[in-house]
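Beneath this line is the structure, given in structure tokens, with notes to follow.
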Protein chains: 2
Amino acid sequence: MPYDPSVFPAFAVTVDLVVLTVRRHSLCALAVRRGEAPFKGRWALPGGFVRADEDLAAAAARELAEETGLLAHDPTLPVPPNAAHLEQLATYGDPKRDPRMRVVSVAHLALAPDLPAPRAGGDAHSVRWAPVGSLLDQDGAFGRDSDLAAPLAFDHARILADGVERARSKIEYSSLATAFCPQEFTVGELRRVYEAVWGVALDPRNFHRKVTGTPGFLVPTGGTTTRQGGRPAQLFRAGGATLLNPPMLRPEV
Amino acid sequence: MPYDPSVFPAFAVTVDLVVLTVRRHSLCALAVRRGEAPFKGRWALPGGFVRADEDLAAAAARELAEETGLLAHDPTLPVPPNAAHLEQLATYGDPKRDPRMRVVSVAHLALAPDLPAPRAGGDAHSVRWAPVGSLLDQDGAFGRDSDLAAPLAFDHARILADGVERARSKIEYSSLATAFCPQEFTVGELRRVYEAVWGVALDPRNFHRKVTGTPGFLVPTGGTTTRQGGRPAQLFRAGGATLLNPPMLRPEV
DNA sequence: CTGATTATCGTCAGGCAGACGACTATGATC
DNA sequence: GATCATAGTCGTCTGCCTGACGATAATCAG
């Protein structure tokens, strides 16, 4: 039976991406500048329409690859070098969220390590990493004159806030924080991820005891590095565990 | 701009409901028997099409009311007598999940107290509460001859499993377990909810100490009841807290 | 060599959780 | 009414985890 608009209303379905990374000690999200109305010239989350024969996760992975060159990471396979964690976040379907027509957006959350290389296939003026605080604070650090001070297009501020909150809570009880790290990383680098995502300072000694004592979280590779300065630090890779037991606890409010 | 199918593919959007309750010490879900092809005669989750001008949450609340008479509960308002917790669960959009056309289903999770009254507006042969184990076990407790042994229609087994898993994990760190209880309930009744949802036995003494010691979880009403037999138990109402600190910990695997 | 920086190990006290004993207040049964 | 079964409530004890923080180790910049 083909789609018959006389029986059920027709919807357009999109995927929008909250792509998070940690750069220079702060949590950043990928934003693209809109080239068309509505919200022309405003910043928005990357996204696009789901194709007629495409699964939602496939559409999200395709958009992610187009914007960043990152591959979505299938948890059952070994982690390729430029893989990102990708999961469904939530779906937004307010009838008025897009002034043009009825659009339902299935938002996805992607967590990526800091990308040293520029992104593939996007010009630098229309794609950028921005600290989530400045994207969510409407009169934020950039002041009213900056184009970054304008709120995100559509309901993307809400979607971004939901994605950030998901990331903040999920690194508590899962090993997802390692998705922000390169394949090999130190305990200190992992701690800076937690500090950036939660926006708090953590005690390095207790953090070290905790993560090295949680079974399956980290496996030592044997190597060391001094790329953070100071005493050489052991390198680790993410262990097999996805759920942390005991969990990492976010400090009191 | 009206919807133009030559530019973007057209989707039908539905909401499906995982409605959970605890009856006779076991976790049960609402199932409806399909009256039409495809999957005619099979059990499925309740659901329906989202209307042209309807928000996703509104569509879910409407379906819930139609099937059960329950009102969706706005957390900012006092709890009405027959309110259920309702939240978005996840969205399922495999291109082949409905053989008729391209359907994206936004699944929602509802948690309701045990309903002593029969449900409004549904005939008893086509709507029933079934233990989630029997709905998910394809050759389960009812044997191959029972119609309940047939797997759920569409991808509803997967949706139900996701909903059950969400409920199991969410009662750990939130006060959601009270959504399964009547407005006034005892510590023992709340414990039986946890035991049914998790499928484990909990120590009554430690459980009592824990829930009464968690700030904001329970507020005593002053009354007592003996409806469970034995010594009269204090009655409580759900407190204002939505997040439990410290959380209830599910016993080891 | 000295100091700054980061990593790592150790210690200690407080709190929470699991195991479990003891007691209390009801209804059911003889 | 005595006894029993049932459920609720209060305590105790012990081990583990956590947060606070001292101490030491290994590098780099001057």
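Naming convention: chains lettered A, B, ... in sequence-line order (proteins, then strands); numbering from 1 in each chain.
In this structure, B:His208 does not reach the D:dG8 phosphate: none of its side-chain N or O atoms is under 4.0 Å from OP1 or OP2. Contact check, A:Lys210 against D:dC17: no side-chain N or O comes under 4.0 Å of OP1 or OP2.
Applying the 3.5 Å distance criterion, the base of C:dG10 shares no donor-acceptor pair with the side chain of A:Arg205. No N or O donor and acceptor, one from the side chain of B:Arg191 and one from the base of D:dG8, sit under 3.5 Å apart. Side chain B:Arg231 to base C:dT24: a donor-acceptor pair is found below 3.5 Å.
Straight-line distance from the CD atom of B:Gln234 to the P atom of C:dA25: 13 Å, rounded to whole Å. Distance CG (B:Asp203) to P (C:dG21): 11 Å, rounded to an integer number of Å. Look at CG on B:Leu249: it is 16 Å from P on D:dC16, rounded to the nearest Å. The nearest whole Å value for the distance from the CG atom in A:Leu244 to the P atom in D:dC17 is 14 Å. A:Leu202 has its CG atom 16 Å from the C1' atom of D:dC21, to the nearest Å. For the pair B:Phe207 CZ and D:dT9 C1', the interatomic distance rounds to 14 Å; values are reported in whole Å. For the pair A:Leu190 CG and C:dT8 C1', the computed distance is 16 Å after rounding to whole Å. With rounding to whole Å, A:Glu189 atom CD is found 11 Å from C:dT8 atom P.
The environment of CZ in A:Arg192 is crowded: more than 12 heavy-atom neighbours from other residues, nucleotides or ligands sit within 6.0 Å. The 12-atom threshold is exceeded at CZ of A:Arg227, counting heavy atoms of other residues, nucleotides or ligands nearer than 6.0 Å.
At a cut-off of 3.5 Å, with distance as the only test, no side-chain donor of A:Asp16 or A:Tyr92 sits close to an acceptor on the other residue.
Proximity note for A:Pro232 (side chain, C-beta onward) versus D:dT27, D:dT9, D:dA20: the nearest is D:dT27. Distance from the side chain of A:Val187 is smallest to C:dT8 among D:dG19, C:dT8, C:dT26. Here C:dA19 is the nucleotide among C:dA19, D:dG8, C:dT6 with the atom lying nearest to any side-chain atom of B:Asn206. When each of D:dT9, D:dT18, C:dA7 is scored by its nearest atom to the side-chain atoms of A:Pro246, the top-ranked nucleotide is D:dT18.
Residue A:Arg192 is in sugar-phosphate contact alone, with no base atom involved, counting any heavy-atom pair closer than 4.0 Å across all strands shown.
B:His156 places a side-chain heavy atom less than 4.5 Å from the side chain of B:Ile159.
Mapping A:Arg209 and A:Thr226 onto DNA chain D by nearest heavy atom places A:Arg209 at the nucleotide closer to the 5' end.
Nearest heavy-atom pair, A:Glu184 versus A:Thr221, reported as atom, atom and distance to 0.1 Å: OE2-CG2, 3.5 Å.
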